[in-house]
Amino acid sequence: MSKQQKRYMLPEEEIPRYWYNIQADMANKPLPPLNPATKQPLKAEDLYPIFAKELSRQELDQTTTWVEIPEEVREMYKYYRSTPLVRAYALEKAIGTPAHIYFKNESVSPIGSHKLNSALAQAYYCKQEGITNITTETGAGQWGAALAYAAKVFGLEAAVYQVKISYEQKPYRRSIMQTFGAQVTASPSMSTRAGKDILTAHPNYQGSLGTAISEAVELAMQTPNCRYTLGSVLNHVALHQTIIGLEAEKQMELAGEYPDTIIACFGGGSNFGGLAFPFMRHKILEGKQIRFIAAEPASCPKLTRGKFEYDFGDEVGYTPLLPMYTLGHNFEPAHIHAGGLRYHGAGTIVSQLYKDGLMEAVDIQQLESFEAGCLFAQMEGIIPAPESCHAIAATIHEAKKCAETGEEKVILFNLSGHGLIDMASYDKYLAGDLTNYTLTDEEIQRNLDAVEAVL
Ligand SMILES: *Cc1c(COP(=O)(O)O)cnc(C)c1O
């Protein structure tokens, strides 16, 4: 039998000791977040009521290139890191491509995705600052699960608002969070003003990430010693995720190759930034020719069809105004969509990089993503998270182009998580119950007009 898979691992002492802050190297820094009332740029202090102080500082830090990973966090990373870098020979063969396909396997973390990389850091800083309770929201449930475990590790109480439709449709994610000791509430709930207001206006509302964020932020602001945490979008989250790309840099060296194309799926940008930023450093500083491709769902196309403007991070408007590619904070994702990645906006760093042409974006249809995921599962033996399937579809697309041109490109993509708790989505796909969904221009424009009316 020919070689099917090759894994590259790092010894413990090679696990990075610093995260990489790409803001320090960017020629055009991200625009500052604004206070929605005064429209003035925020200072770190303005974020202290919501986030841990150190995380607030990291959020706005545009000068420190390397941020030391606290020893306690690095010790926890050793539970599952380094994660494997894998050469996917069987997938290459199935596609018939001369391209070399590598993936970074973040699905081996205890909760099955990259999200734990930031959850551990956020819980650690909260603990350091004497915070006792943390809140958050979760859509599909991966972030909630990561935060629930991280809170337990550092001795904090976690309260998670889970988008109602996923609370009902993904009961196992709720049980995972509860097993780790978190308190889980379906959002919208009657426990916050934001939740009550929305339920009064729309009693059957199935919830959205934007609403759940509003509820979690409200609880954090009204509870002593309580702070809010977020699993994507923000700069400090992408910072913590750079552990992925920093490891991958060393592992690609072990493999004796250097990537031409780097691909990741795109929700708010944290797994994309995590893998891409350390390599983008080479593009910014040394002019390396690398393509970076963010793969987003056609049903939530904020980069490919959204608009760059200041918008809120949540539904109600509790968060600062962020300069980002957005579909509008009122964006309500289509219920038919099974693949996650439904947040309305892109992180501010990625938004600036995209605006400056340092990276590309593609949108992927739902059926194509699952088709790619099934092929990957059959060839590599790992069932990918529906989110990760978007990266796989984009990878297959690039690899097929290489098959046509004969180019031996090196493609690296992020396997952000496994799909073993998402089998209900695979079931729907296999039963033929999923359809493609593309937003109309009118739908997109209506939401963006609503944003401008508010600002
Ligand atoms: C949350 C999640 C994503 C999307 O979030 P990003 O911040 O864009 O990375 C992608 N894949 C998996 C498995 C996730 O859990």
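Both ligands and their constituent atoms are indexed starting at 1 by order of listing. Worth saying up front: this structure is predicted, and the values here are computed from it rather than measured.
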Proximal ligand 1 atoms for [X], defined as those under 4.0 Å from one of its heavy atoms:
| X | answer |
| --- | --- |
| Gly269 | 6 (P), 7 (O), 8 (O) |
| Glu387 | 10 (C), 11 (N), 12 (C) |
| Gln142 | 13 (C), 14 (C), 15 (O) |
| His114 | 2 (C), 3 (C), 9 (O), 10 (C), 11 (N), 12 (C), 14 (C) |
| Gly417 | 13 (C) |
| Cys265 | 10 (C), 11 (N) |
| Ser416 | 10 (C), 11 (N), 12 (C), 13 (C) |
| Ser270 | 6 (P), 7 (O), 8 (O), 9 (O) |

- Task: Decide yes or no for Leu55 and His240: does some side-chain heavy atom of the first lie under 4.5 Å from some side-chain heavy atom of the second?
- Result: yes

Looking only at protein heavy atoms, identify the closest one to [atom] and say how far it is in Å.
| atom | value |
| --- | --- |
| atom 4 (C) of ligand 1 | Leu341 CD2, 3.5 Å |
| atom 7 (O) of ligand 1 | Ser232 OG, 2.4 Å |
| atom 8 (O) of ligand 1 | Gly267 N, 2.7 Å |

- Message: Would Gly231 count as a polar contact of ligand 1, with the cut-off being nitrogen or oxygen pairs under 3.5 Å?
- Response: no

- Message: Show the nearest heavy-atom pair for residues Leu91 and Glu380, with the distance to one decimal.
- Response: N-OE2, 3.0 Å

Taking the six-membered ring of [Y], is the NZ or CZ of [X] close enough (under 6.0 Å from the centre) and on axis enough (within 45°)?
| X | Y | result |
| --- | --- | --- |
| Lys288 | Tyr258 | yes |
| Lys355 | Phe308 | yes |
| Arg174 | Tyr167 | yes |
| Lys53 | Tyr48 | yes |
| Arg87 | Tyr89 | yes |

- Taking the non-hydrogen atoms of Phe266, is any one of them nearer than 4.0 angstrom to ligand 1? yes

- Query: Does Glu106 reach ligand 1, in the sense of a heavy atom lying below 4.0 Å from it?
  - Reply: no

- Message: Looking at Lys104 and Glu247, is there a salt bridge between them, counting it only when a charged N and a carboxylate O are closer than 4.0 Å?
- Response: yes

- Would Arg173 and Asp422 pass as an ion pair if we require N to O under 4.0 Å? yes

- Query: Do other residues, nucleotides or ligands put more than 12 heavy atoms under 6.0 Å from Lys400 NZ?
  - Reply: no

- Message: I want to confirm something. Looking only at heavy atoms, which of Arg342, Lys115, His418 is nearest to atom 2 (C) of ligand 1?
- Response: Lys115

